[in-house]
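Okay, structure first, notes after.
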Amino acid sequence: MAKSKVGQRAVYQPGASSVEGLPNVLQMFHNQPLPMASPHWHAQVEVNYIVRGTVHYRIGDHELTLRAGEICLFWGGQPHQLDELSDDSIYAGAHLPLVHFFRLRLPLDISGRLIRGQALISSATDAADDENFARWHRYVMSEDGAKAEHAVAELLLRLERIAFEPYRMVPEKPANPVNEQAHPQSSRSLARMCDFIAENFLHDIDTVDIAKAANLHPKYAMNLFKKSTGMTLAKYVSLLRLSRAQAMLMRDGANVLQVAMDSGFGSISAFNKSFRHIAGMTPSDFRRDMRVLSAMNVEAIKPSMPRLPQQYHR
């Protein structure tokens, strides 16, 4: 990753109550984004609607700039970093756990390419999106369950509309010849598997347990999940655990062994191997680097702290 242009403003860091620490909670935001001092990852599909200004992302091995009036979807399971933004930038959107993502009636070609690492960008927006994203955020933050459910339902319908309008995939890759919607039964099976994993990923579960929860044969469950997401069931379970662990390592006094156990890993060696694979460093090195960045950030923003805007979930 290239050096981020941070240091003159507050920076985003993973936290136990944020998207990384709550990998199965649908969260919505509408605020001024914070640049990230380092890449992070989470087990949700990220939805960004740029209300004003521009933001720049580094996602995996590619980068993209999003401008006002664009909607972008990408899979947060790949390390990504918002490293630059205009001073006037405002964005809105959500983090969709896979259980919600599979409720979307999108062509398989779109959903498959997203999970495999491409970003979808649509400029087919209008003033109604400004109003709707703001309202959906208010509904979710209201703590009124009925309003929150209504906001989620409307958001999913809005995202489905993307398939009917011009959009582009970044980076450009040959499209999968499949261009159809997922069979309703398959979507329900995927949702049931994701529900079970969401409730049990901190425990010792395997493919047999997951398939049984969805009333599927284990081999069929594995093939369906891999075909739909590009991931194995084991990789998805590991990603949820790693997302939680990333946030827990930010806590004061965090013990790497305890984080490994509390995140569902059976051994410190398995935790180190999985963490190094996604972060490129050991959990201990990640904890050390993030503490250094945190200390630098506190010193850099002390003079401007009273003027920082209220932040929600980001």
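Computed from a predicted model, the values in this text were never measured in an experiment. Any value given below was found using the heavy atoms of this structure, including those in side chains, with hydrogens, waters and symmetry copies removed.
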Distance (rounded to the nearest 0.5 Å) between [X] [atom1] and [Y] [atom2]:
X	Y	atom1	atom2	answer
Met231	Ser238	CE	OG	10.5 Å
Ser38	Asp83	OG	CG	11.5 Å
Leu114	Phe74	CG	CZ	10.5 Å
Arg192	Cys194	CZ	SG	11.5 Å
Asp204	Asp209	CG	CG	8.0 Å
His80	Glu63	NE2	CD	15.0 Å

- Message: Between Leu239 and Ile278, is the side-chain contact (heavy atoms from CB on, under 4.5 Å) condition met? List the steps.
- Response: CA-CA 9 Å; Leu239 180 59; Ile278 194 170; 3.8 Å; yes
Answer whether the closest heavy-atom distance between the side chains of [X] and [Y] falls below 4.5 Å.
X	Y	value
Ser89	Ile50	no
Ser189	Leu224	yes
Leu98	Ile115	yes
Arg287	Val259	no
Tyr91	Asn31	yes
Leu233	Ile197	yes

- Any chance you could lay out the side-chain contact (heavy atoms from CB on, under 4.5 Å) test for Val51 and His30, step after step, and finish with the verdict? CA-CA 9 Å; Val51 179; His30 191 293; 4.1 Å; yes
Judged by atom type as modelled, is there a donor-acceptor pair below 3.5 Å linking the side chain of [X] to the main-chain atoms of [Y]?
X	Y	result
Gln81	Arg58	no
His137	Ala134	no
Asn223	Tyr220	no
Ser122	Ile71	no

Where do [X] and [Y] come nearest, in terms of heavy atoms and distance?
X	Y	answer
Ala148	Val140	CB-CA, 4.3 Å
Gly53	Asp88	CA-OD1, 3.5 Å
Leu202	Asp262	CD2-O, 3.5 Å
Ala211	Ala221	CB-CB, 3.7 Å
Gln246	Trp41	NE2-O, 2.8 Å
Met248	Ser263	SD-OG, 3.7 Å

- Pair Asp285 + Arg288, salt bridge at N-O below 4.0 Å: yes
- Message: Counting only heavy atoms not in Asp126 (residues, nucleotides, ligands), do more than 12 fall under 6.0 Å from its CG?
- Response: yes
- Message: Going by the rule ring pair (Phe, Tyr, Trp, His ring centres under 6.0 Å), which residues pair with Phe225 if we only count those two or more places apart in sequence or in a different chain?
- Response: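 Phe225 satisfies ring pair (Phe, Tyr, Trp, His ring centres under 6.0 Å) with Tyr236 once adjacent residues are dropped.
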- Message: Tell me every residue that passes ring pair (Phe, Tyr, Trp, His ring centres under 6.0 Å) with Phe271, counting only those two or more places apart in sequence or in another chain.
- Response: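 So Phe271 forms a ring pair (Phe, Tyr, Trp, His ring centres under 6.0 Å) with Phe265, Phe275.
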- Message: So if I apply the side chain to side chain contact (heavy atoms under 4.5 Å, CB included) rule between Leu73 and each of Leu96, Asn48, Val47, which one comes out positive?
- Response: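 Of Leu96, Asn48, Val47, side chain to side chain contact (heavy atoms under 4.5 Å, CB included) with Leu73 is met by Val47 alone.
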- Message: Among residues at least two apart in sequence or on other chains, which ones pass side chain to side chain contact (heavy atoms under 4.5 Å, CB included) with Glu70?
- Response: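 With neighbours one apart ignored, the set is Leu66, Arg67, Ile121, Ser123, Arg168.
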- Let me see the working for Phe29 and Val19 under side-chain contact (heavy atoms from CB on, under 4.5 Å), right down to the final yes or no. CA-CA 11 Å; Phe29 53 90; Val19 59; over 6 Å; no
- In this structure, which one of Arg244, Gln44, His40, His42 forms a side chain to side chain donor-acceptor pair (under 3.5 Å) with Glu20?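 By the side chain to side chain donor-acceptor pair (under 3.5 Å) criterion, Glu20 pairs with just one of Arg244, Gln44, His40, His42: His40.
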- Task: Give every residue pair that meets the side-chain hydrogen bond (donor to acceptor under 3.5 Å, both in side chains) criterion with at least one member in residues 266-277, sequence neighbours excluded.
- Result: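 Listed by first then second residue: Ser267-Ser269.
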- Task: Check the pair His95 / His100 against ring pair (Phe, Tyr, Trp, His ring centres under 6.0 Å), numbers first and verdict last.
- Result: CA-CA 10 Å; His95 298 103; His100 290 286; over 10 Å; no
Give every donor-acceptor pair under 3.5 Å between a side-chain atom in residues 157-164 and any protein atom, sequence neighbours left out.
from: Arg158; atom 1: NE; to: Asp129; atom 2: OD1; distance (Å): 2.7
from: Arg158; atom 1: NH2; to: Ala124; atom 2: O; distance (Å): 3.2
from: Arg158; atom 1: NH2; to: Asp129; atom 2: OD2; distance (Å): 3.2
from: Glu160; atom 1: OE1; to: Arg105; atom 2: NE; distance (Å): 3.2
from: Glu160; atom 1: OE1; to: Arg105; atom 2: NH2; distance (Å): 2.9
from: Glu160; atom 1: OE2; to: Arg105; atom 2: N; distance (Å): 2.9
from: Glu160; atom 1: OE2; to: Arg105; atom 2: NE; distance (Å): 3.2
from: Arg161; atom 1: NE; to: Glu165; atom 2: OE2; distance (Å): 3.0

- Mind checking side chain to side chain donor-acceptor pair (under 3.5 Å) for Trp136 and listing every partner two or more places apart, or none if nothing turns up? Glu154
- Carefully, step by step, assess Thr125 and Tyr49 under the rule side-chain contact (heavy atoms from CB on, under 4.5 Å). CA-CA 9 Å; Thr125 60; Tyr49 170 59; 4.0 Å; yes
- Query: Is the charged tip of Arg135 near the ring of Tyr139: under 6.0 Å from the six-membered ring centre and within 45° of its axis?
  - Reply: yes
- Out of curiosity, does Ile205 fall in the hydrophobic cluster containing Val208 (side-chain heavy atoms, cut-off under 4.5 Å, transitive links)?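 In one cluster: no.
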